[in-house]
Amino acid sequence: MLKPHTQMWTHLSRLHKEFPAWIATGFSDASGLRAEKAQLQNASPSDQLSGQAEDVIAPVSEQQSSTVAEQPESETDANSFAQKLQIPILNDCPNSQNRQCLQDRGQFLARQERWSELSNLIRAADKKQSRTGGGLPEADLLAYGARSDVVNAVEHALQERSTKAGLSNMGTTRGKTARQRSGENPVLIDGVMALETLRRDHPKDIYLTAIVAQAHIDIAWTWRAAAAEALPSQTQQEAQLRRSNAHFERAAALLTPLKDQSRDSAFLSAAQCALFAGQSADTMDVADAYGALIDKAPDNPRPMRALGAQMLPRANGSYAALELEARRTAARTQDQWGAGGYAWVYFDAMAIDEQACARVDRKFFLDGLQDILCTDPSQEMINLLAAYCAVTLPNTLGSSAAANLNRIEISKAARWLVRSHLRELHPLIWAHACEGFDNNARITSLRRFAAHGQAKALQCLTHIFRDEIESGHKISFTPEGFDLLPA
């Protein structure tokens, strides 16, 4: 599914030589926005793009996407923290291994062009509503793996183009083709057009159609991030946003005919909801669509988090709508989460929006955190909530006194989360918390990214156990809790 908060920790871009044959064989010399639009429009006479959409507002974050600052505060500090704390470090947990296996399976079947087998697997997982131990739909993970080569190739090509832009501008353009002079990379369009060809070869397969639409959505986000992160000219930014909008429009054209089938499918419903990232819609229509998705999978918190982001005024909602939908979600998921539904809807919204943080019902939110742990007491969940309270919220202190008060009071929950429940450290979760769980953040080194998260986590734990450490103790974490050891 779309990037927002699926805990797919990083996009491991693959080089051109690693592309499967079904992508590479379709490469052509057509390039540029003109060619991209023409190819998208010609994909199907009944699915032509309907003109330029207005610029849309990113629903998840207005922060510019940037390469993550992946270095620990300092090696000396990190070593100092580690000497005072003895805690198991898990860079890979059972849930993440299960997620990765499903993604790898989807990627393998796509590379082998075993599309019917892939579609049948996704259909079966969707019908059974099969989920991982962490609550992620297996159908979504299979589909993500199936399109990951195409999406990651585009992301890699845009990174490469950005890196080489300055050098290419200094060189001569004599003797170069139009594509070379424009700096275009065929991967920007040829991979997704290979998927479009696949869709035409299986016109009645709704699951393969949805995969193609999801690829367009992911690529739209990549173009939007490219427009936000660099400092190109206004003309370049407008061109990048037009490309983003064109991919969102194409995804909408593919998914619109599937609305009836989406009523009985959480997989298709999730794809329909992902479209709201690229279009303006009536607030109640958005809320109802997410409500229907949540009803299909109430144990999955990710649609609730996405709903909260969509209810912000910067997206398709209002602060009154955000509060209303948070309470409605808490009521509809009470059997699964207790008050946790309220916390999930506000989880990302209040981290990225000052007024949302100022307006949150703090007591309701804190009650929700406790109920979430009653439902899912896993160490992965405890690391997520502790990192959110200890890192994400304090990092967003702003100018609103009311928002800052709520941030500070909710951040105090990190103390009881760590002291009462934490048994092991998951560095990648803490690293993402440092970035505000921004899935547009680009990770150039997973090892350094994890090291940065580990250093930040140990720093926070040292602060929480400051009194014990200053009194001459080391802190040892065990499956039963923490112990005090002589320094």
Side-chain angles (χ1 to χ4, degrees), residues 4-5 7 93 95 133-136 294 298-309 311 322-354 356-397 402-426 429-430 432-434 436-437 456-457 460-461 463-465 477 481-482:
H5 314 293
Q7 295 188 21
C93 64
N95 285 337
L136 277 174
I294 292 167
D299 56 337
N300 182 8
R302 289 153 191 85
M304 303 181 221
R305 294 173 64 176
L307 170 62
M311 289 296 101
L322 172 63
E323 177 68 15
L324 174 62
E325 292 308 314
R327 293 180 180 275
R328 287 180 63 192
T329 301
R332 66 165 26 111
T333 61
Q334 186 173 9
D335 291 343
Q336 290 77 23
W337 297 101
Y342 183 88
W344 282 130
V345 172
Y346 265 99
F347 196 84
D348 296 292
M350 62 184 265
I352 62 178
D353 190 287
E354 191 127 320
C357 190
R359 292 165 179 258
V360 68
D361 184 330
R362 186 169 68 237
K363 185 179 183 305
F364 203 170
F365 186 92
L366 289 171
D367 288 344
L369 293 185
Q370 296 190 46
D371 286 348
I372 288 171
L373 284 190
C374 290
T375 299
D376 182 0
S378 69
Q379 286 298 302
E380 187 172 8
M381 181 62 73
I382 291 164
N383 274 263
L384 174 66
L385 299 184
Y388 176 82
C389 293
V391 178
T392 304
L393 289 183
N395 280 354
T396 54
L397 288 172
N404 288 341
L405 176 61
N406 281 338
R407 285 192 184 98
I408 291 169
E409 292 300 315
I410 293 173
S411 293
K412 292 178 181 178
R415 184 175 178 85
W416 63 261
L417 283 165
V418 168
R419 296 177 76 95
S420 300
H421 301 285
L422 190 69
R423 305 290 182 263
E424 61 194 34
L425 203 61
H426 295 203
I429 295 178
W430 288 80
H432 274 266
C434 293
F437 299 102
K456 187 64 177 179
C460 292
L461 297 187
H463 177 75
I464 289 172
F465 289 98
F477 290 81
F482 70 88

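- A heavy-atom distance below 4.5 Å is found between the side chains of Leu422 and Asn383.
- For the pair Leu369 and Cys389, the minimum side-chain heavy-atom distance is below 4.5 Å.
- With contacts defined as side-chain heavy-atom distances shorter than 4.5 Å, the pair Glu424/Phe477 does not qualify.
- Contacts of Asp299 classified as side chain to side chain donor-acceptor pair (under 3.5 Å), with partners at least two apart in sequence or in another chain: Arg131.
- Contact annotation: the side chain of Leu384 never approaches that of Glu380 to less than 4.5 Å [non-hydrogen atoms, C-beta and beyond].
- Under the side chain to side chain contact (heavy atoms under 4.5 Å, CB included) criterion, His421 pairs with Leu373, Ile382, Trp416, sequence neighbours left out.
- One distance of note links CG of Leu324 with CE of Met311; it measures 9.5 Å at 0.5 Å rounding.
- Residues Phe347 and Met304 fail the side-chain proximity criterion, which asks for heavy atoms closer than 4.5 Å.
- Residue pairs meeting the salt bridge (charged side-chain N to carboxylate O under 4.0 Å, His left out) criterion with at least one partner in residues 331-340, sequence neighbours excluded, are Asp295-Arg332.
- Between the side chain of Trp344 and the backbone N or O of Asn300, no donor-acceptor pair lies under 3.5 Å.
- Checking side-chain atoms of Thr333 against main-chain N and O of Pro298 turns up no donor-acceptor pair under 3.5 Å.
- Every residue meeting the salt bridge (Lys or Arg N to Asp or Glu O under 4.0 Å) condition with Glu409, not counting sequence neighbours, appears here in chain and number order: Lys412.
- With Asn406 contributing its side chain and Cys357 its backbone, the two residues share a donor-acceptor pair below 3.5 Å.
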Test side chain to side chain contact (heavy atoms under 4.5 Å, CB included) applied to Asp371 and Trp337, step by step: CA-CA 6 Å; Asp371 286 348; Trp337 297 101; 5.9 Å; no

Test side chain to side chain contact (heavy atoms under 4.5 Å, CB included) applied to Leu322 and Arg359, step by step: CA-CA 10 Å; Leu322 172 63; Arg359 292 165 179 258; over 6 Å; no

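- Here Ala326 pairs with Tyr342, Val345, Tyr346 under the side chain to side chain contact (heavy atoms under 4.5 Å, CB included) rule; sequence neighbours left out.
- Shown here are the side chain to side chain donor-acceptor pair (under 3.5 Å) partners of Asn404, two or more places apart in sequence or in another chain: Arg407.
- Between Met350 and Leu393 there is a side-chain heavy-atom pair separated by less than 4.5 Å.
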